[in-house]
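Within every chain, numbering begins at 1; the chains are lettered A, B, ... in the order of the sequence lines, protein sequences first and strands thereafter.
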Amino acid sequence: MLDKTFDPKTVEPRLYAAWEDSGAFAPKDDPSAEPFSIVIPPPNVTGSLHIGHALNNTLQDVLTRFERMRGKAALWLPGTDHAGIATQMVVERQLAAQGNMSRRDMTRDEFVAKVWEWKAQSGGRIVHQLRRLGASCDWSRERFTLDEGLSAAVRKVFVQLYKEKLLYRDKRLVNWDPQFQTAISDLEVEQREVDGQYWHFAYPLEDGSGEIVVATTRPETMLGDTAVAVHPSDERYTHLIGKAVRLPIVNRPIPIIADEYPDPEKGSGAVKITPAHDFNDFIVGKRHNLPAINVMDEFARINANAPEAYRGLDRFKARAKVVEEFEQLGLLRGIEKTRHVVPHGDRSGVPVEPFLTDQWYVNAKVLAQPAIKAVEEGTTTMVPKHWEKTFFEWLRNIEPWCVSRQLWWGHRIPAWYGPDGKVFVAETEAEAKAQALEVYGHEEPLRQDEDVLDTWFSSALWPFSTLGWPEKTGDLARFYPTSVLITAGDIIFFWVARMMMQGLHFMGEVPFKRVFFNALVRDAEGKKMSKTKGNVMDPLELVDDYGADALRFTLTAMSGHQRDIKLSRQRIEGYRNFGTKLWNAARFCQANGCERAEGFDPAKVGLPLNRWIVGQTARTARAVTEALEECAFDDAASALYRFIWNVYCDWYVELSKPILKGEDAAAQAETQATAAWVLDQIMLLLHPVMPFLTEELWAQTAASGAARGHTGFLMTAPWPQLGAGLVDPAAEAEIELIVAAIREGRSVRDELNVPNSARPPLLVIEADDAQRRTLEAAAGSIGLMLRVSEVRSEAAAPEGAIPFVVEGATLALPVAEFIDLTAERARLAKEIAAHTQDIERTAKKLSNPDFIARAPEEVVDENRERLAEAEAAKAKLESALGRLKAVV
RNA sequence: GGGCGGCUAGCUCAGCUGGUCAGAGCACCUGGUUUACACCCAGGGGGUCGGGGGUUCGAACCCCUCGCCGCCCACCA
């Protein structure tokens, strides 16, 4: 006998180990099986499982398990990302904590060795946490973005793009993170609104004839000013164009130039131009051939290009000093408080500095075109659809992608420099040397580029590099393009778009046919979870408290097309209860001898109740299948929930009780077999979402084993394929009538406060023969569920009987002695009012000639029927009310 | 400034290509020791579908407009 409740704590680890040991997570070898593949969004190797991962990976597992059961060769390929900056930070922090040793106190090789050491010890914790969720990844294929195969892929891509001139080295302004002393890409810059001020500085004219006032929020950059720009149409300054100002402090003459860039409406209309420290100024500088004077070093300290007194000063100290000096010089014309946005490094949190350096760039504009086209043509589709707009918006306005990082942890850039600075890009040093030999005619020492690649450069290759590319592996041939990508929307640019670009470029095919963007999980109040707010929900803790299945079902059920999910413990608890409900239904079946019968054919059952539940099962199987095919996870979950709880448990099990406990052996046997068969279908259909509970039930209902035609795990059992032929409309009509009679009858009893102990008969007053037969045949169930003594036909409702109308039939409960007449009058009046409203609305519609003329015929007919039914029901109730009044 | 989402019962949300579409779960109220389940069962109350306008025989659903809420992108003169 099953325990009273399912115990996830003991079952989950046991089952997971058993699945994993059995090899069931690997795709089956059968070459005729259709492939299905998902590559995991590789979590940072430093990461630990958060609720967003739980959502994302639950959905991947649901699809993987579903497709595996459907007989496909299903591969869910796991792995982790080396996460350049994040990991380097973690290890640096750890080093600092341990022995005050900084990365800069050791060689690059020593530091990288430390990181690997760290990775071996504590990296990849997250992949173990994924197992707790039940993730059926093929761990034998697990990859890491820095492992040898993936590194080879990175080098090959770099070299090829370079040869194709889609990757190049360029000196231009980058977003520089002074905290980490590295360039970062546009996407890693976060705009934060902060308090700041404008300082208005007067720059004296060289000829002593006056001054021109400029405003700035970054006074320290004036040390690198090389011009002052005014708008050509700005009459205030026309006469100054071509003259020069003498830059204070620096004491350098710089020209006043005319350019379209300054906005005469803003500030003084004159703008200081610092090409080396401002993106707009850089462009202006190019136009006018201005020198770009870089006045900072990689720590954002003032460098030797500035006057002596400033050298070595931090940018903010320099700022204060510049302001002070302007004041002393009597050239400070004003200070104005402002609130403005300042770009910050998303990892470091410090303001980034536009910085003039040599970096490697990818020509994303070119690579973007096929990616745009693939989505436009639907080769790759996005769910929810609106993400496609976001995708297009970014790709159509894409800028060159800065891919070099001044870090140590990552893929070292495969470029070598000769003594004269000539660059040789090659997959190996040997090749680079060979190239150099060609050029120089003799051997020259080469120096490899110190930088590493943006982490996302390797992530972009993930869908094919993990399958073995550039080798022509069997996996690559079989599983690329992958079937679907499930990811969070916040990395659509970082990752999804770049995979599209690289996948199309190197494989000639999209990396995935469909992308599902899962929502962002927030707390119950809708706030973003964060450690500082203390509202983080730890998925592992939730698994401990409610079981993995409850969490999985919750996340699945809530993952509609919303942008975010508000998660509460209460929800999870509700779905935990759902699991228990099913568990107990199985327990009921077990206690009542419900086992699969050898050779059981659902199409051949005879009892209407059984024909009905078989049909409902077929409908549900179809609904769940279709939903999962469309990534409509919430629809799948709600179809399951409804069927299991509100159909199988609430009605089928209840209605079957008299049969199971009754005398008719044939009916009993058929019902036992049917109940067990349906329960099996339920386990199968629910398994992708609740794998543990269903697998355990499957094992514990082993009495059905032989008849199942499948030995071994539920997770490898075939997905139900139930034809529409199993739906029997006649059986449906019968059960619907019984259900409606019980519902209505209960409502009557409750509203009139008929005591539970009362056992009146249910009288069938007006009904067609079929209805009469159905109700009488179901007397056992109705008796039990409606607490009536019998179901019997009667020509007319006796005095004081309470009538109610169901599917056009009039039934009555003779309970006059128990009831409060006032309550009954109120009940009847309420019913009548509801019908009256319906009648009015429908009649109004039907009296509209335009409606009759223009609405489709079936809609008109439908309304006519509806009106007739409502009028009939109302009439019956009114006569009942009339009789009631007569009695009083 | 540009773009995107959302605004439906107290709360969280379903309602796809306009015609039983006004729903579900939770919460709430009432009643239940019916041997599957109190992590349960039965019944009940509750919404002029953000405001306004329009298209239509008919709009929560389509169009326009306004209003909030949230997100993304751009933007340190």
Please write out each protein N/O paired with an N/O of nucleotides 7-13 of chain B under 3.5 Å, distance rounded to 0.1 Å.
residue: B:U12; atom: O2'; partner: A:Arg571; partner atom: NH2; Å: 3.4
residue: B:U12; atom: O2; partner: A:Arg571; partner atom: NH2; Å: 2.9
residue: B:C13; atom: OP2; partner: A:Lys566; partner atom: NZ; Å: 3.1

Base, sugar-phosphate, or nothing for [X], non-hydrogen atoms under 4.0 angstrom?
{"X": "A:Val342", "value": "base"}
{"X": "A:Pro384", "value": "nothing"}
{"X": "A:Pro343", "value": "base"}
{"X": "A:Gln570", "value": "sugar-phosphate"}
{"X": "A:Cys589", "value": "nothing"}
{"X": "A:Arg576", "value": "base"}
{"X": "A:Asp490", "value": "nothing"}
{"X": "A:Thr390", "value": "nothing"}

Requested in this report: Would you check if A:Phe355 and A:Leu173 make a side-chain contact, meaning some heavy-atom pair closer than 4.5 Å?
Outcome: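 SC-SC contact between A:Phe355 and A:Leu173 ruled out.
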
Requested in this report: State, yes or no, whether a side-chain contact exists between A:Lys845 and A:Leu867 at a heavy-atom distance under 4.5 Å.
Outcome: no

Using the [atom1] atom in both, what is the distance from [N] to [M], to the nearest Å?
{"N": "B:C16", "M": "B:C62", "atom1": "C1'", "answer": "14 Å"}
{"N": "B:C69", "M": "B:G51", "atom1": "C1'", "answer": "15 Å"}
{"N": "B:G45", "M": "B:G52", "atom1": "P", "answer": "28 Å"}

Can you check the [X] [atom1] to [N] [atom2] distance for me, whole Å?
{"X": "A:Ile283", "N": "B:C75", "atom1": "CD1", "atom2": "C1'", "value": "13 Å"}
{"X": "A:Leu693", "N": "B:C37", "atom1": "CG", "atom2": "C1'", "value": "13 Å"}
{"X": "A:Asp850", "N": "B:C57", "atom1": "CG", "atom2": "C1'", "value": "5 Å"}

Query - Donor-acceptor pair (no angle test) under 3.5 Å: A:Lys389 side chain, B:C4 base - result: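 Counting by modelled atom types and ignoring angles, no donor-acceptor contact under 3.5 Å is found here.
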
Query - Check: A:Glu654 side chain, B:A36 base, donor-acceptor under 3.5 Å - result: yes

Ring pair (Phe, Tyr, Trp, His ring centres under 6.0 Å) against [X], all qualifying residues, sequence neighbours excluded:
{"X": "A:Phe326", "answer": "A:Phe201"}
{"X": "A:Tyr261", "answer": "none"}
{"X": "A:Trp387", "answer": "A:Phe517"}

N or O in side chain of [X] less than 4.0 angstrom from [N] OP1/OP2:
{"X": "A:Ser747", "N": "B:G44", "answer": "yes"}
{"X": "A:Gln191", "N": "B:C75", "answer": "yes"}
{"X": "A:Lys661", "N": "B:A36", "answer": "yes"}
{"X": "A:Lys830", "N": "B:G44", "answer": "no"}
{"X": "A:Trp645", "N": "B:C41", "answer": "yes"}
{"X": "A:Lys4", "N": "B:A38", "answer": "yes"}
{"X": "A:Asn280", "N": "B:C76", "answer": "yes"}

Report the base-pairing partner of [N] (Watson-Crick or G-U wobble, both distances below 3.5 angstrom), or none.
{"N": "B:C16", "value": "none"}
{"N": "B:G70", "value": "B:C4"}
{"N": "B:C39", "value": "none"}

Anything under 3.5 Å between a donor and an acceptor, one on a side chain of residues 640-649 of chain A, the other on a protein residue two or more places apart or in another chain? List them.
residue: A:Asn646; atom: ND2; partner: A:Asp650; partner atom: OD2; Å: 3.2
residue: A:Tyr648; atom: OH; partner: A:Ala675; partner atom: O; Å: 2.9

Report task. Identify, residue by residue, the members of residues 194-203 of chain A with a heavy atom below 4.0 Å from RNA chain B, and return them in order of residue number, or none. Result ->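 Close to the strand are A:Tyr198.
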
With sequence neighbours left out, what residues match [X] under side chain to side chain contact (heavy atoms under 4.5 Å, CB included)?
{"X": "A:Ser747", "value": "A:Glu751"}
{"X": "A:Ala637", "value": "A:Phe553, A:Thr556, A:Ala557"}
{"X": "A:Arg854", "value": "A:Asp850"}
{"X": "A:Gln590", "value": "A:Met1, A:Leu2"}

Identify all pairs in which a protein N or O lies below 3.5 Å from an N or O of nucleotides 17-23 of chain B, and state each distance.
residue: B:U20; atom: O4'; partner: A:Arg866; partner atom: NH1; Å: 3.3

Nucleotide N/O of nucleotides 28-35 of chain B paired with protein N/O under 3.5 Å:
none

Query raised in the report: Taking the side chain from A:Asp838 and the backbone from A:Ala834, do they hold a donor-acceptor pair closer than 3.5 Å?
Result: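 No; zero donor-acceptor contacts below 3.5 Å.
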
Requested in this report: Test the A:Arg319-A:Phe316 pair against the cation-pi criterion, namely NZ or CZ under 6.0 angstrom from the six-membered ring centroid and within 45° of the ring axis.
Outcome: no

Query raised in the report: Cut-off 3.5 Å, side chains only: do A:Ser559 and A:Asn518 have a donor facing an acceptor?
Result: no

